[in-house]
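As structure tokens, the structure follows; a few thoughts come after it.
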Protein chains: 2
Amino acid sequence: MSKCEQCIIRQFNSLKTLRKDDLIRLSGCKTTKTVNKGEIIFDEGENINGVYCIKDGVCKLSKLSANGKDQILKLVVKGDLLGQRSLISDEPTNLRAVAVNDMEVCFIPKQEIIYDLKNNIDFSMDMLKDMAEDLRTADNVIVDMAQKSVKQRMAETLLYLYDNFGTDEKGSLNIVLSREDYANIVGTATESAIRILSQFKKEGLISTEGKYITLEDVEALKRVE
Amino acid sequence: MSKCEQCIIRQFNSLKTLRKDDLIRLSGCKTTKTVNKGEIIFDEGENINGVYCIKDGVCKLSKLSANGKDQILKLVVKGDLLGQRSLISDEPTNLRAVAVNDMEVCFIPKQEIIYDLKNNIDFSMDMLKDMAEDLRTADNVIVDMAQKSVKQRMAETLLYLYDNFGTDEKGSLNIVLSREDYANIVGTATESAIRILSQFKKEGLISTEGKYITLEDVEALKRVE
DNA sequence: CGTAAAACATGACATATATCATATTTATTA
DNA sequence: TAATAAATATGATATATGTCATGTTTTACG
């Protein structure tokens, strides 16, 4: 089994603040597993009882709305932690986590994380910083949802994916989502998402090949109204 | 000057976890001030350099969107802390705070709060819990913004105010907001907010007398679609 | 490989909401 | 108290977006 103290992934999250002996302790009780694309890691209302450290892959965090549509709230990527919030608030999670592609994750039991939170002030301060950052992002999303058009939000989503996932050698986005996923990020009907992507394509802002999307005119996307 | 260790307000926020000697220390460096209705406590981009403890009154936290509209993200009330997030992330605040009515607040300098965060694990854990709770709320708001109609959001706003501020002897909401404020909470045009409130009035869901609003049929408001 | 299912695409139409215009009422202040 | 500004109200209209229908393409899988 791989060892936390030798894992470079932890450099990207709060676990970087832990010292060697703590990491060795975590190594001893963590479990590693693979999650296939489309698999549910946890569902709304479940007790997670721990934290996932994402070694590879991407998953989407979503929440079901009253009308039956799933709103995607966050994409969690390699290097991120998953499940800290419900661990801290000691409540069942309010979100569903589904693998967007094949993933490799480590699961660290709740009591271990709690131990470190209570005994390592650097760890809890770093966690606080992460949450403050998440809250700031959430504020921005709320303002966008409330005040921007669907078309603007779609353009921003494409730019976000471009900035955070980059492109492959052909120039297409390094993350592949369904049109329904796009709709559920933007907060619109799937047909509307498809329509807007088609329109962007006609206008030369993007090109598509099946699910693969290439941003052809980043500056124009920034100017979409 | 009043003393933190005798102030009952702190029972409602994370300061409740502090011990007597810490509270006495805070008492020595805090400043108390009154803020008049409409006054800006801090503005987007400012360095706050501390935390406000709300002794009395209500203020609105808002963020200006690109199109020039102000989105209200949270109402901060008596007993709440204000400004923790930018203190923790050590960045200028992303929000504006404006008094909704006359307020009395205590200001505690940044280094004092940081000291307690680093030296009192109960305090930082409580702060973490608060933030986790705020994040959960933000998730719900995002889903509502993305998936619910303006009418539903207005109904929910009224119910939120009803639950959190209660009513006076005449039955009208204990918090008085302008129609523009309602629009900026719901995320709609001021005219639309006015129109929907008028419609609710015609349908007997609420009654109004100037800025005073009374919920006449709470159950019907819950069923608004 | 062929068939079924899922995803994608697009038209037609309904409707919620924004915008602009213009009263009317209420609050502010000279 | 009068004058002015701000807030509230409501109509008319434009537009963005959702919904329903239908067809096509892609994917999954027996």
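In this text the structure is predicted, and so the values were computed from the model without any measurement. Note on naming: letters A, B, ... go to the chains in the order of the sequence lines (proteins, then strands), and numbering restarts at 1 for each one.
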Sequence neighbours excluded - side-chain hydrogen bond (donor to acceptor under 3.5 Å, both in side chains) pairs with any residue from residues 187-199 of chain A: A/Gln199-A/Glu203
All pairs passing salt bridge (Lys or Arg N to Asp or Glu O under 4.0 Å) where residues 153-180 of chain B contributes a residue, at least two apart: B/Lys148-B/Glu156
Summary of side-chain hydrogen bond (donor to acceptor under 3.5 Å, both in side chains) pairs that have at least one residue in residues 62-75 of chain B, sequence neighbours excluded: A/Asn140-B/Lys63, A/Gln147-B/Gln71, B/Ser62-B/Asp70, B/Ser65-B/Asn67, B/Lys74-B/Asp134
Using residues 53-61 of chain B as the side-chain source, report each donor-acceptor pair under 3.5 Å to any protein atom, sequence neighbours left out, with the distance given to one decimal.
from, atom 1, to, atom 2, distance (Å)
B/Lys55, NZ, B/Ser2, OG, 3.4
B/Lys60, NZ, B/Asp181, OD1, 2.7

Annotated protein contacts, base or backbone, on nucleotides 15-23 of chain C with a non-hydrogen cut-off under 4.0 Å, one of B, S, - each: --SSBB---
A/Lys37: salt bridge (Lys or Arg N to Asp or Glu O under 4.0 Å) partners, not counting sequence neighbours: none
Could you tabulate the donor-acceptor pairs under 3.5 Å formed by side-chain atoms of residues 215-223 of chain B, not counting sequence neighbours?
from, atom 1, to, atom 2, distance (Å)
B/Glu216, OE2, B/Ser207, OG, 2.7
B/Asp217, OD1, B/Glu219, N, 3.4
B/Asp217, OD1, B/Ala220, N, 3.0
B/Glu219, OE2, B/Lys222, NZ, 3.4

Qualifying residues under salt bridge (Lys or Arg N to Asp or Glu O under 4.0 Å), relative to B/Arg10, sequence neighbours excluded: none
Partners passing salt bridge (Lys or Arg N to Asp or Glu O under 4.0 Å) against B/Arg85 (at least two apart in sequence or in another chain): A/Asp139
Partners passing ring-ring contact (aromatic ring centres under 6.0 Å, His included) against B/Tyr52 (at least two apart in sequence or in another chain): B/Phe107
Pairing annotation in dot-bracket form, given for DNA chain D with Watson-Crick or G-U pairs under 3.5 Å and | for cross-strand partners: ||||||||||||||||||||||||||||||
Per-nucleotide protein contact string for nucleotides 23-30 of chain D, where B marks a base within reach and S marks sugar-phosphate only (heavy atoms under 4.0 Å, - for neither): --------
